[in-house]
Amino acid sequence: SEAECYARCYGWRGEDGVKVVSVERRRPRYETPVSGELLRSLFEDKLDAKNLKRPRRAPGPPRSDVPDVLAPGLTAVFCGINPGRVSAAANAHFANPRNDFWRLLHAAGFTPRLLEPREQFELLALGYGLTNAAARTTRGSSELRRRDFAGSAQRLERLARDLAPGTIAFVGKEAYRGAFGERPGLGPQERRLAGTALFVLPSTSPANAAVPWTERLCWFRLLRDVRT
């Protein structure tokens, strides 16, 4: 009854007044301060546990909204982090008009003219290819989770072994970090995949606008000079 609920919460109000009921103080959720990284890890683990309860799709490699542009024996394969929504809608790599990838590619001398994203397969005739470290489309790379990169390093190693490109060039440090779980510097890397060299370029995303155009162009030109 309402009276019982009142008594349970606040004590029993009788003829002699109110009988005070002591309530045990709620213990804090965490005994010691925790870092943001730990909270993020706990949150992702909880999401993973929740997803395990849902019906699972048949196992298989994740599907991407943007096709790989690949062929054997390419001079370099440019590896982005994952498709954005504009790229997914256009079915083309680096399709956001604010992304500088295609402009930097032309300015650095990789292409004889400025290509449109829809002309991405013309790169193959020039000796270049395109792929991504993660397949899932997101609004921004900050929405990616660790599970999005599961198997990424192994897939890139198979790509290197089967297609033997001269270099895999990661467009942004986060693409490399997502695949291999370590923070790289810009430029050539000590790690190799089946004889293929690895190179890290600055991100061409509009979110990386703080890095000047001239600095990003310098790294693209360095990659071109290393490969020619």
Side-chain angles (χ1 to χ4, degrees), residues 66-71 73-134 138-142 144 152 156 159-160 163 165-180 182-193 196-228:
V66 177
D68 283 338
V69 179
L70 296 172
L74 296 173
T75 301
V77 172
F78 293 92
C79 180
I81 185 167
N82 76 303
R85 289 186 175 180
V86 177
S87 291
N91 203 33
H93 291 266
F94 304 105
N96 188 330
R98 297 173 58 206
N99 194 300
D100 286 327
F101 175 79
W102 295 100
R103 289 183 285 274
L104 284 163
L105 213 60
H106 175 55
F110 287 97
T111 61
R113 63 178 178 86
L114 179 59
L115 296 178
E116 298 289 335
R118 59 184 172 81
E119 299 176 296
Q120 59 190 358
F121 284 95
E122 294 190 21
L123 282 178
L124 295 176
L126 301 172
Y128 306 111
L130 299 166
T131 190
N132 280 306
T138 60
R139 182 182 304 173
S141 60
S142 61
L144 291 170
S152 179
L156 291 172
L159 185 156
L163 301 181
T167 299
I168 296 176
F170 293 85
V171 186
K173 294 180 180 180
E174 291 304 308
Y176 183 99
R177 181 188 178 192
F180 301 113
E182 59 189 40
R183 293 180 180 272
L186 293 174
Q189 305 297 306
E190 292 185 8
R191 180 193 297 268
R192 296 179 75 90
L193 296 179
T196 294
L198 305 183
F199 194 102
V200 175
L201 294 161
S203 172
T204 60
S205 166
N208 195 36
V211 179
W213 164 273
T214 52
E215 183 178 336
R216 288 182 287 169
L217 180 58
C218 179
W219 288 106
F220 270 75
R221 284 176 171 165
L222 178 60
L223 173 64
R224 181 205 62 193
D225 293 341
V226 167
R227 300 315 313 158
T228 56

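Residues: numbered from 1 along the sequence shown.
- In this structure, Gln120 and Ala92 approach most closely via the heavy-atom pair OE1-CA, 3.3 Å.
- Formation of a donor-acceptor pair under 3.5 Å by the Arg191 side chain with backbone atoms of Leu198 is not found in this model.
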> Do Tyr128 and Thr75 pass the side-chain contact (heavy atoms from CB on, under 4.5 Å) test, and can you show the C-alpha distance, the side-chain angles, and the key distance before you say yes or no?
Replying inline: CA-CA 6 Å; Tyr128 306 111; Thr75 301; 4.0 Å; yes
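- For residues 83-105, every residue pair satisfying the ring-ring contact (aromatic ring centres under 6.0 Å, His included) rule, not counting sequence neighbours, is listed here: Phe78-Phe101, Phe94-Phe101.
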> Can you check side-chain hydrogen bond (donor to acceptor under 3.5 Å, both in side chains) on Thr204 and Asn99, steps first, answer last?
Replying inline: CA-CA 6 Å; Thr204 60; Asn99 194 300; 2.7 Å; yes
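- In this structure, the side chain of Glu119 engages the main chain of Glu116 through a donor-acceptor pair within 3.5 Å.
- Side chain of Thr167 to backbone of Ala76: no donor-acceptor contact under 3.5 angstrom is found.
- The two residues Ala179 and Ser152 have their closest heavy-atom pair at CB-OG, 3.6 Å.
- Nearest heavy-atom pair across Gln189 and Gly187 is NE2-O, 2.9 Å.
- With rounding to the nearest 0.5 angstrom, the CG atom of Leu104 is 9.5 Å from the CZ atom of Arg221.
- Once rounded to the nearest 0.5 Å, the distance linking CZ of Phe110 with CG of Leu123 reads 10.5 Å.
- Taking both residues in full, the closest heavy atoms of Pro83 and Val66 are given as CB-CG2, 3.7 Å, listed atom of the first, atom of the second, then distance.
- One distance of note links OG1 of Thr214 with CH2 of Trp219; it measures 13.0 Å at 0.5 Å rounding.
- Across all non-hydrogen atoms, the minimal contact from Leu186 to Pro202 is CD2-N, 3.6 Å.
- Taking CG of Asn96 as the reference point, atom OG of Ser205 lies at 7.5 Å (rounded to 0.5 Å).
- Residues passing the salt bridge (charged side-chain N to carboxylate O under 4.0 Å, His left out) test with Glu122, sequence neighbours excluded: Arg113.
- Taking CG from Leu217 and CG from Leu105, the interatomic distance works out to 11.0 Å, rounded to the nearest 0.5 Å.
- Here Tyr176 contributes atom OH and Ile168 contributes atom CD1; the two are 10.5 Å apart, rounded to the nearest 0.5 Å.
- Between Ser203 and Asn208 the shortest heavy-atom distance is O-ND2, 2.9 Å.
- With a 4.5 Å cut-off on side-chain heavy atoms, Glu174 and Ser141 do not count as touching.
- Counting heavy atoms from C-beta outward, Pro112 and Leu126 have side chains that approach closer than 4.5 Å.
- Checking side-chain atoms of Thr138 against main-chain N and O of Leu144 turns up no donor-acceptor pair under 3.5 Å.
- Using a 4.5 Å heavy-atom threshold, the side chains of Val86 and Arg98 count as separate.
- Panel note: side chain Thr131, backbone Cys79; no donor-acceptor pair is recorded below 3.5 Å.
- Residues Phe170 and Leu156 form a side-chain contact, since some pair of their non-hydrogen atoms from C-beta on lies under 4.5 Å apart.
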